[in-house]
Amino acid sequence: MGIFKKNRTERNLPRHIAIIMDGNGRWAKKRALPRTAGHLVGSKKFKEIAKYCNKIGIQYLTVYAFSTENWRRPKEEVDTIMDLFRDYLKDTYDIRNENIRVRFLGDRKGMPDDLVELMNAAEQDSKDCTGLTVFIAVNYGGRDELAHAVRDIVNSGISAQEITEDTISAHLYAPDCPDPELIIRPSGEYRLSNFLIWQAAYSEFWYSDVLWPDFSTKDLEKAIDDFNRRNRRFGGV
């Protein structure tokens, strides 16, 4: 964990925060707007929160942007999300200027070719950034990730007797990324929704009724403050 000074007091910062960016559609519906409007505001909120995490010294931020199940949504909504993703990837200079590294989690084989090229370019262009590392989970599912890891292990020729927890961790999408210490879910839902199900084994969870487009840095601070009040025993006493 890092240490961040605020109001002359010291607190522990989670090394890795993960966020399920939920509630975009409901935010738009409450305002009689199309669901796509909520995704547009939600994408801007992501940039705001990423910059703030970088500012206070968080090392890793993982956001759930688009799940393997989200392909079932109406085509217009999916197309809009993909277009927003394109726009973001074409304009990553704003993030890179903040010394933020961008990486991706998920199955790229299911993504449009032009998006995969943009994803690869964003990772390459930001690889030397030394501030916050942002992992964007797109076409991602926790169970799908585990299935991917199992296939890799089988194809590597490792015997069943040799497989350990470390073996599985080493074959996940980002084996060099530490497990999230804090997982935040806004929007009033209380489930993991197939997000980082292996990595979340000892994560602390923080829930809020605030919809993602309304989520603020103050809400993030509340989550971090609550994290500091937790007694993390990892199965001990």
Side-chain angles (χ1 to χ4, degrees), residues 1-21 39-66 81 83-106 108 111 114-140 169 172-184 186 195-196 199 203-204 206 212-225 227-228:
M1 297 182 188
I3 299 292
F4 176 57
K5 292 186 177 182
K6 181 181 180 183
N7 297 329
R8 299 182 180 178
T9 62
E10 288 189 347
R11 63 176 177 165
N12 288 321
L13 282 178
R15 186 182 182 195
H16 180 184
I17 294 176
I19 302 177
I20 300 172
M21 302 187 296
H39 292 300
L40 175 60
V41 178
S43 67
K44 294 178 180 177
K45 182 61 61 174
F46 155 66
K47 289 185 179 181
E48 175 189 334
I49 295 299
K51 290 179 181 179
Y52 187 76
C53 285
N54 187 46
K55 176 183 176 181
I56 66 175
I58 302 297
Q59 296 181 43
Y60 299 91
L61 171 67
T62 299
V63 294
Y64 206 4
F66 191 84
I81 293 172
D83 285 341
L84 286 172
F85 193 38
R86 281 187 182 88
D87 291 342
Y88 166 75
L89 290 172
K90 290 175 181 177
D91 185 26
T92 56
Y93 295 103
D94 187 37
I95 289 289
R96 294 203 302 274
N97 287 341
E98 300 283 337
N99 196 30
I100 295 174
R101 185 179 182 187
V102 180
R103 296 175 64 184
F104 300 93
L105 301 177
R108 300 189 194 191
M111 299 292 293
D114 67 311
L115 276 177
V116 173
E117 291 179 7
L118 289 169
M119 291 163 69
N120 292 339
E123 288 185 327
Q124 179 64 27
D125 291 345
S126 66
K127 65 182 177 62
D128 294 325
C129 293
T130 57
L132 172 74
T133 295
V134 172
F135 284 94
I136 302 174
V138 59
N139 198 26
Y140 174 87
S169 294
L172 299 177
Y173 285 128
D176 56 327
C177 181
D179 292 341
E181 292 158 299
L182 175 62
I183 296 179
I184 297 171
F195 182 50
L196 302 178
Q199 300 91 329
S203 299
E204 299 292 327
W206 191 83
W212 174 246
D214 290 327
F215 192 86
S216 68
T217 56
K218 290 182 179 179
D219 294 309
L220 180 63
E221 288 291 344
K222 289 178 184 178
I224 294 173
D225 287 342
F227 173 82
N228 272 260

K.L.:
Answer whether the closest heavy-atom distance between the side chains of C53 and L220 falls below 4.5 Å.
P.N.:
yes

K.L.:
How far apart are the closest heavy atoms of I136 and A65, and which atoms are they?
P.N.:
CG2-CB, 3.8 Å

K.L.:
Taking the side chain as everything from C-beta on, heavy atoms only, tell me whether P14 gets closer than 4.5 Å to I58.
P.N.:
yes

K.L.:
Check whether any side-chain heavy atom of T133 sits under 4.5 Å from a side-chain heavy atom of Q59, and report yes or no.
P.N.:
no

K.L.:
Between D219 (side chain only) and S216 (backbone N and O only), is there a donor and an acceptor less than 3.5 Å apart?
P.N.:
yes

K.L.:
Would you say that D176 contacts R103 through its side chain, given a criterion of any heavy-atom pair below 4.5 Å between the two side chains?
P.N.:
yes

K.L.:
Between H16 and P178 (side chain of the first, backbone of the second, donor and acceptor by atom type, cut-off under 3.5 Å), is there such a pair?
P.N.:
yes

K.L.:
Below 4.5 Å, heavy atoms only, C-beta onward: do I56 and Y52 meet side chain to side chain?
P.N.:
yes

K.L.:
So which atom in Q199 and which in D179 form the shortest heavy-atom distance, rounded to 0.1 Å?
P.N.:
O-CB, 3.4 Å

K.L.:
Report the residue from V63, T62, I183, I224 that forms a side chain to side chain contact (heavy atoms under 4.5 Å, CB included) with I17.
P.N.:
I224

K.L.:
Which atom pair, heavy atoms only, marks the closest approach of N139 to M111?
P.N.:
CB-SD, 3.6 Å

K.L.:
With a 4.5 Å heavy-atom cut-off, do F104 and Y140 have their side chains touching?
P.N.:
no

K.L.:
Using a 4.5 Å cut-off on heavy atoms from C-beta on, say whether the side chain of V134 contacts that of N54.
P.N.:
no

K.L.:
Between CG of L40 and CD1 of I81, what distance do you get to the nearest 0.5 Å?
P.N.:
11.5 Å

K.L.:
For a quick check under 3.5 Å, do N99 and T130 share a side-chain donor-acceptor pair by atom type?
P.N.:
yes

K.L.:
Between E48 and K45, is there a side-chain heavy-atom distance shorter than 4.5 Å?
P.N.:
yes

K.L.:
Does E181 reach the main-chain N or O of R15 with its side chain, forming a donor-acceptor pair under 3.5 Å?
P.N.:
yes

K.L.:
Would you sort out whether I49 and W212 count as a side chain to side chain contact (heavy atoms under 4.5 Å, CB included), showing the intermediate values?
P.N.:
CA-CA 11 Å; I49 295 299; W212 174 246; 3.8 Å; yes

K.L.:
State plainly whether the residues E221 and K218 are in salt-bridge range, i.e. N to O under 4.0 Å.
P.N.:
no

K.L.:
I need the minimum non-hydrogen distance between S169 and P175, along with the two atoms involved.
P.N.:
O-CB, 3.5 Å

K.L.:
Rounded to the nearest 0.5 Å, what separates atom OH in Y173 from atom CG in L196?
P.N.:
12.0 Å

K.L.:
Of all the heavy-atom pairs spanning L132 and A50, show the shortest one and how long it is.
P.N.:
CD2-O, 3.3 Å

K.L.:
Ring centroid separation for F46 and Y88, is it under 6.0 angstrom?
P.N.:
yes

K.L.:
Give the intermediate values and the outcome of side chain to side chain contact (heavy atoms under 4.5 Å, CB included) for residues F215 and M21.
P.N.:
CA-CA 9 Å; F215 192 86; M21 302 187 296; over 6 Å; no

K.L.:
Hey, is D225 close enough to K222 for a salt bridge, meaning N to O under 4.0 Å?
P.N.:
no

K.L.:
Which atom pair, heavy atoms only, marks the closest approach of R86 to L115?
P.N.:
CG-CD2, 3.3 Å

K.L.:
Please report the interatomic distance NZ(K51) to CG(N97), rounded to the nearest 0.5 Å.
P.N.:
9.0 Å

K.L.:
Would you give the length of the straight line joining atom CD of Q124 to atom NZ of K127, rounded to the nearest 0.5 angstrom?
P.N.:
5.0 Å

K.L.:
Quick check: does any side chain N or O of N228 sit under 3.5 Å from a backbone N or O of N12, one acting as donor and the other as acceptor?
P.N.:
yes

K.L.:
Look at the aromatic rings of Y60 and F135 and report parallel, tilted or perpendicular, splitting at 30° and 60°.
P.N.:
parallel

